[in-house]
Amino acid sequence: LYALVDHSGEILNIPGQPYYRKWWPNGSGRYMENLFYTDSGRIARIAEYSDKELKVKNGLYLTFHSNGMMKDSGYYVNNKKQGVHAGWYEDGEQYYMKKYKDDIPVDTCYTFMSDGQLASVSITDSLGNGLYQQYRSGGKVLLIGRLLGGNRNGIWQLKREDGSKRMEINYLKDSITQTICFDTDG
């Protein structure tokens, strides 16, 4: 089955791909998409788009692991993340919880290791300006730096297990401009 059109939309099954897709107009000027895993028939994605080509995400966007567990949940407006987005590992443990405004992480955002330990946290204002920290297993700081408009900016420090500086990385709008490495004596 390569392509089939039915009353509720179009079903596409592309040879060699692990998914098949069904989409249809939802009656409010948007298009709904359901993407399924070919081998199991389980849902892989539910999404809402504003265009028939299914390129501009506009509305609910959910993805699922192949075992059927929720993977990601969020909302888009004109292809930009808006509001609370959350993610989970295959076993159902929380992977991340982030709030977005115009595709920029804002407020307090968290990521977690698969064992539930905190992996990173960012605390920003409504423009995405603030602080970011990443942690090692056990809770020690691995990386720390500032965010400007949701991008890494300024000097970031990569820490050793003992907390001493291993490297300083200077960023300008998420691009590295300079790095300085430190030996164990500092």
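All of these numbers come straight from a predicted model, not from anything done at the bench.
No side-chain donor-acceptor contact under 3.5 Å links Asn34 to the backbone of Tyr20. A distance-only check finds no donor-acceptor pair linking the side chain of Asn26 to the backbone of Met32 [under 3.5 Å]. Under the 3.5 Å distance criterion, the side-chain polar atoms of Arg30 are left unmatched by any main-chain donor or acceptor of Pro25.
Ring pair Tyr100/His85 is perpendicular by interplanar angle, where above 60° counts as perpendicular and below 30° as parallel.
Using a 4.5 Å cut-off on side-chain heavy atoms (C-beta onward), Met69 and Tyr89 make no contact. No side-chain heavy atom of Tyr61 sits under 4.5 Å from any side-chain heavy atom of Asp72. Put simply, the side chain of Tyr135 reaches to within 4.5 Å of the side chain of Val121, judged on heavy atoms. Within the 4.5 Å cutoff, the side chain of Asn129 has heavy atoms near those of the Leu148 side chain.
How far OG1 of Thr184 is from NZ of Lys165: 14.0 Å, rounded to the nearest 0.5 Å. The distance from the CD1 atom of Ile155 to the CD atom of Gln178 is 7.5 Å, given to the nearest 0.5 Å. Atom CG of Asn170 is separated from atom OG1 of Thr179 by 9.5 Å, given to the nearest 0.5 angstrom. To the nearest 0.5 angstrom, Gln133 atom CD is 10.5 Å from Ser122 atom OG. Separating the CZ atom in Arg136 from the CZ atom in Arg160 is a distance of 9.5 Å, to the nearest 0.5 Å. Interatomic distance, Glu48 CD to Leu62 CG, rounded to the nearest 0.5 Å: 10.5 Å.
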- Task: With side-chain contact (heavy atoms from CB on, under 4.5 Å) as the test, would you mind laying out the steps for Leu142 and Lys159 before giving the verdict?
- Result: CA-CA 5 Å; Leu142 171 66; Lys159 306 265 188 183; 5.9 Å; no
- side-chain hydrogen bond (donor to acceptor under 3.5 Å, both in side chains) between Ser114 and Glu93: does it pass, once the steps are laid out? CA-CA 7 Å; Ser114 59; Glu93 287 293 321; over 6 Å; no
- List the steps and the verdict of side-chain contact (heavy atoms from CB on, under 4.5 Å) for Arg45 and Phe36. CA-CA 7 Å; Arg45 178 172 65 213; Phe36 299 90; over 6 Å; no
- CA sep, side-chain torsions, deciding dist, call: Arg166, Cys181, side-chain contact (heavy atoms from CB on, under 4.5 Å): CA-CA 6 Å; Arg166 180 180 200 149; Cys181 296; over 6 Å; no
- Show your working on side-chain contact (heavy atoms from CB on, under 4.5 Å) between Ser66 and Glu90 and close with a plain yes or no. CA-CA 8 Å; Ser66 60; Glu90 281 189 80; 4.2 Å; yes
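The shortest non-hydrogen separation linking Ala86 to Gln94 is CB-NE2, 3.8 Å. In terms of heavy atoms, Asp162 sits closest to Ser164 at OD1-OG, 2.7 Å. Considering every non-hydrogen atom in both Leu147 and Leu131, the closest pair reads CD1-O, 4.2 Å. Heavy atoms only, all atoms of each residue included: Ile169 and Tyr171 are closest at CG2-CE1, 3.4 Å. Across every non-hydrogen atom of Lys57 and Asn79, the tightest pair is N-OD1, 2.7 Å. For the pair Val77 and Tyr75, the tightest heavy-atom approach, listed with the atom from each and the gap, is CG2-CE2, 3.8 Å.
Outside the 6.0 Å centre-distance limit, the rings of Trp88 and Tyr96 are not counted as a close aromatic pair. Checked against the 6.0 Å centroid criterion, the rings of Tyr49 and Tyr31 do not qualify as a close aromatic pair. Aromatic pair Tyr37/His65: centroids not less than 6.0 angstrom apart.
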Scan the side chains in residues 102-113 for donor-acceptor partners under 3.5 Å anywhere in the protein, sequence neighbours excluded, and list what turns up.
residue: Asp102; atom: OD1; partner: Gln82; partner atom: NE2; Å: 2.8
residue: Asp103; atom: OD1; partner: Lys81; partner atom: N; Å: 3.0
residue: Thr111; atom: OG1; partner: Ser120; partner atom: N; Å: 3.2
residue: Thr111; atom: OG1; partner: Ser120; partner atom: OG; Å: 2.4

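Ile46 and Val84 fall into different hydrophobic clusters, where Ile, Leu, Val, Met, Phe, Trp and Tyr side chains are chained together by heavy-atom contacts under 4.5 Å. Put simply, Tyr95 and Met97 are part of two different groups of oily side chains (I, L, V, M, F, W, Y) that touch within less than 4.5 Å, one to the next. In terms of hydrophobic clustering, with Ile, Leu, Val, Met, Phe, Trp and Tyr side chains grouped at heavy-atom distances under 4.5 Å, Met167 and Leu143 are assigned to a common cluster. Both Ile144 and Leu118 sit in one connected hydrophobic cluster of ILVMFWY residues. Membership requires side-chain heavy atoms under 4.5 Å apart, directly or through other members.
Lys22 has no carboxylate O lying under 4.0 Å from a charged side-chain N of Glu33, or vice versa, which leaves the two without a salt bridge.
By the salt bridge (charged side-chain N to carboxylate O under 4.0 Å, His left out) test, Asp174 is found to be paired with Arg152, residues two or more places apart in sequence or in another chain being considered.
Within the cation-pi definition used here (under 6.0 Å to the ring centroid, within 45° of the axis), Lys71 does not qualify as a partner of Phe64.
Here Leu172 is tied to no hydrophobic group at all, with no ILVMFWY side chain closer than 4.5 Å.
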